[in-house]
There are 2 protein chains.
Amino acid sequence: MQISRSMEYAVRSLVYLASSNKPLSLRQIAKGENIPAPYLAKIMRVLVNGKIVNSTKGRNGGYFLLSPPQKIALYDLYILFEKKEKLLPCFENASFCPAGKNCSQKIVWFKIEKAVMDAFKKVSLKEMVNKNKLRKVKYERSFNQIT
Amino acid sequence: MQISRSMEYAVRSLVYLASSNKPLSLRQIAKGENIPAPYLAKIMRVLVNGKIVNSTKGRNGGYFLLSPPQKIALYDLYILFEKKEKLLPCFENASFCPAGKNCSQKIVWFKIEKAVMDAFKKVSLKEMVNKNKLRKVKYERSFNQIT
DNA sequence: ATAAAATGGACTTGCTAAGTCCACTTTTAA
DNA sequence: TTAAAAGTGGACTTAGCAAGTCCATTTTAT
């Protein structure tokens, strides 16, 4: 059981965005976070459609957060990138399980699932940004080299 | 993020075993839980090596729990079947992340990871067995047909 | 002896996450 | 007004690994 690379990239990109006071281009984010640019493009589209970020086209265009970091929960990203909200395969494909609907195991799985979801709901982007001003400075230096 | 099929099969097989008062053969479990027998064989080996069950060979051989169900936590299975105990890819492959070791995001990920692990630690096999005596009866009937 | 069981490990298959590519639109600086 | 720099959409490829198979071996009860 593991977080997808997409989700990880998304989180890192958003933290990166949250540390900036101006929109950042795909290239800037990709370079700064060491993420393959074409793949990041795909991820950013998901974030745009998911109303997490917005974008402007053309020269000087880029991406920016639509809400302040403390309003963006990791759970919001979870549902965008880990579509299978259900931890268990049997939830998706009930035919597998001979017990069908009257399965006492489900109750337990649901409990676990809820605990996991709650863990993601409790954390906002803000918790991931604040503590390292060092990184922010480093990144801003990188911007200057790029632009 | 999803539980592996292996883990699901393992849980179901163990619940099945917990409902029986005698050792059950691979075939019996596979049939009863509708799991491909050769694949289940692989899973049972992991459970034997992991000291969750024990086995006897030869005629009338089979598998049985090594501990009472309330002593077997889902977490014990988690560490056997979801080897990547770490939720995040970056934990495995630190080189990906430009922030390296001094990464404030890690602290947050660890929190989430702990919450997930705790959820699995809290649940024992017993919670998954008790409630459906119906299934037990049904299964025992199946045994009779098979043996 | 033989049939029924587990064991070990090499092998194949299939799914899907991860990543690429390209044609297109929008914007703006020169 | 045009060229370069940005995002968009979607089809496509690659690669890794979970899921599943197979077979040769060992063990044991009858």
Side-chain angles (χ1 to χ4, degrees), chain A residues 1-10 12-13 17 22-31 33-64 66 78 80-84 88-90 92-93 96 143 146-147, chain B residues 1-10 12-13 17 22-31 33-50 52-64 66 80-84 88-90 92-93 96 143 146-147:
Chain A
M1 205 172 73
Q2 223 175 333
I3 292 291
S4 67
R5 189 93 36 107
S6 297
M7 169 110 177
E8 195 210 343
Y9 288 165
R12 274 166 45 197
S13 300
L17 278 182
K22 55 177 190 292
L24 297 177
S25 76
L26 192 69
R27 274 161 207 272
Q28 287 175 319
I29 302 171
K31 183 103 188 234
E33 284 294 335
N34 194 24
I35 297 168
Y39 190 45
L40 182 59
K42 231 167 112 176
I43 289 169
M44 295 314 291
R45 277 180 257 161
V46 174
L47 290 173
V48 169
N49 291 331
K51 313 282 187 199
I52 306 293
V53 303
N54 210 346
S55 63
T56 54
K57 282 186 168 186
R59 279 260 180 112
N60 303 337
Y63 299 95
F64 53 92
L66 263 178
Y78 187 96
L80 285 179
F81 292 99
E82 314 284 328
K83 310 114 202 180
K84 348 230 164 144
L88 251 222
C90 77
E92 316 243 339
N93 199 338
F96 264 121
F143 294 172
I146 296 167
T147 38
Chain B
M1 205 171 75
Q2 222 174 333
I3 292 291
S4 68
R5 189 92 37 105
S6 297
M7 167 110 179
E8 195 209 344
Y9 288 164
R12 275 167 41 199
S13 299
L17 277 183
K22 56 176 189 293
L24 298 177
S25 76
L26 192 70
R27 274 160 206 273
Q28 288 174 317
I29 303 171
K31 184 102 187 235
E33 283 294 336
N34 194 24
I35 297 170
Y39 190 46
L40 182 59
K42 232 167 110 177
I43 289 169
M44 294 314 290
R45 277 180 257 161
V46 174
L47 290 173
V48 169
N49 291 332
I52 306 293
V53 303
N54 210 345
S55 64
T56 54
K57 282 187 168 185
R59 279 256 182 116
N60 304 337
Y63 299 94
F64 53 93
L66 264 178
L80 285 180
F81 292 99
E82 314 285 329
K83 311 115 204 179
K84 347 230 166 144
L88 253 220
C90 77
E92 316 243 339
N93 197 337
F96 263 122
F143 295 172
I146 295 167
T147 39

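Sequence lines set the chain letters: A, B, ... in the order given, protein chains first and strands last, and positions in each chain run from 1.
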What is the separation between atom [atom1] on [X] and atom [atom2] on [N], rounded to the nearest whole Å?
{"X": "B:Met44", "N": "C:dA5", "atom1": "CE", "atom2": "P", "result": "14 Å"}
{"X": "A:Leu26", "N": "C:dG19", "atom1": "CG", "atom2": "C1'", "result": "14 Å"}
{"X": "A:Ile3", "N": "C:dA17", "atom1": "CD1", "atom2": "P", "result": "13 Å"}
{"X": "B:Glu8", "N": "D:dA19", "atom1": "CD", "atom2": "C1'", "result": "13 Å"}
{"X": "B:Gln2", "N": "C:dC15", "atom1": "CD", "atom2": "C1'", "result": "12 Å"}
{"X": "A:Asn49", "N": "D:dG9", "atom1": "CG", "atom2": "P", "result": "6 Å"}
{"X": "B:Arg59", "N": "D:dT26", "atom1": "CZ", "atom2": "C1'", "result": "16 Å"}
{"X": "B:Phe64", "N": "C:dA6", "atom1": "CZ", "atom2": "C1'", "result": "12 Å"}

Taking every non-hydrogen atom, the tightest pair across B:Ser4 and B:Glu82: OG-OE2, 2.7 Å
Where B:Ala37 and B:Leu26 come nearest, the two heavy atoms and their spacing: O-CD2, 3.8 Å
Between [options], which nucleotide has the shortest distance from any of its atoms to the side chain of [X]?
{"X": "B:Arg45", "options": "D:dG20, C:dT20, C:dG9", "result": "C:dG9"}
{"X": "A:Arg5", "options": "C:dG19, D:dG7, D:dT27", "result": "C:dG19"}
{"X": "A:Ser25", "options": "C:dA6, D:dG7, D:dA19", "result": "D:dG7"}

Can you check whether [X] has a side-chain N or O nearer than 4.0 Å to OP1 or OP2 of [N]?
{"X": "A:Tyr63", "N": "D:dT8", "answer": "yes"}
{"X": "A:Asn60", "N": "C:dA29", "answer": "yes"}
{"X": "A:Arg27", "N": "D:dA5", "answer": "no"}
{"X": "B:Ser6", "N": "D:dA19", "answer": "yes"}
{"X": "B:Tyr9", "N": "D:dA19", "answer": "no"}
{"X": "B:Ser55", "N": "C:dT7", "answer": "yes"}

side-chain contact (heavy atoms from CB on, under 4.5 Å) partner of B:Tyr9, chosen from B:Ile43, B:Asn34, B:Ile29: B:Ile43
Sugar-phosphate only, base, or nothing, as touched by A:Pro38 at under 4.0 Å among non-hydrogen atoms: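 Base contact.
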Main-chain N/O of A:Ser13 paired with A:Glu33 side-chain donor or acceptor, under 3.5 Å: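 Pair absent, no side-chain N/O of A:Glu33 close to backbone of A:Ser13.
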B:Phe81 and B:Val46, any side-chain heavy atoms less than 4.5 Å apart: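 Heavy-atom side-chain distance check passes, below 4.5 Å.
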Residue closer to the 5' end of DNA chain C, B:Ala41 versus A:Thr56 (nearest nucleotide): B:Ala41
